[in-house]
Amino acid sequence: MDIYQKLVGESSKFGEKNDCGVKALSVITGIDYAECHKALSRLGRKKCGATRLSSIFEALKQFGFKFVEVQCPYGGMSIVTGKQVRSEE
């Protein structure tokens, strides 16, 4: 079963829709849907509601991700990316 189909199944157990933020958080962290759903709910996401980008960033921090700015070689833009770090880093 592919990851997306698994997440669709998890989503239906919660009676969810419009939960792409929850699914995205699960995919990028490797943390199960239920835990991501719970984290975003604590940060104010309502059932079947959109997820604020700021809530995703906050959940990532709570899951132990650190954000770094990376200079993009195309067009001189910079982007923010995250990586999970150990507590001793």
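All of these numbers come straight from a predicted model, not from anything done at the bench. Values reported hereafter were calculated over all heavy atoms of this structure, with side chains retained and with hydrogens, waters and symmetry mates removed.
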So if you build clusters from Ile, Leu, Val, Met, Phe, Trp, Tyr with side-chain heavy-atom gaps below 4.5 Å, do [X] and [Y] land together?
| X | Y | value |
| --- | --- | --- |
| Val22 | Ile3 | yes |
| Phe63 | Leu53 | yes |
| Phe14 | Ile56 | yes |

Spatial distance of atom [atom1] ([X]) from atom [atom2] ([Y]) [nearest 0.5 Å]:
| X | Y | atom1 | atom2 | value |
| --- | --- | --- | --- | --- |
| Glu10 | Gln5 | CD | CD | 12.5 Å |
| Lys46 | Asn18 | NZ | CG | 14.5 Å |
| Asp19 | Cys36 | CG | SG | 11.0 Å |

Does Ser26 use its side chain to pair, donor to acceptor, with the backbone of Ile31 at less than 3.5 Å? yes
### Query
Side chain of Ser41, backbone of His37: donor and acceptor closer than 3.5 Å?
yes
> Should the pair Lys23-Glu16 be classified as a salt bridge under the 4.0 Å nitrogen-to-oxygen rule?
Replying inline: no
- prompt: After noting the C-alpha distance and the side-chain angles of Leu43 and Gln62, does the key distance pass the side chain to side chain contact (heavy atoms under 4.5 Å, CB included) rule?
  reply: CA-CA 11 Å; Leu43 293 167; Gln62 291 177 8; 3.7 Å; yes
Mind checking whether Phe57 and Phe65 have ring centres under 6.0 Å apart? no
Lys66/Lys61 under side chain to side chain contact (heavy atoms under 4.5 Å, CB included): CA gap, chis, key distance, verdict
CA-CA 6 Å; Lys66 176 182 173 184; Lys61 286 181 201 173; over 6 Å; no
Looking only at heavy atoms, the pair that brings Ser55 and Leu40 closest together is O-CD2, 3.7 Å
- Considering only heavy atoms from C-beta outward, does the side chain of Leu60 approach that of Ile28 to under 4.5 Å? yes
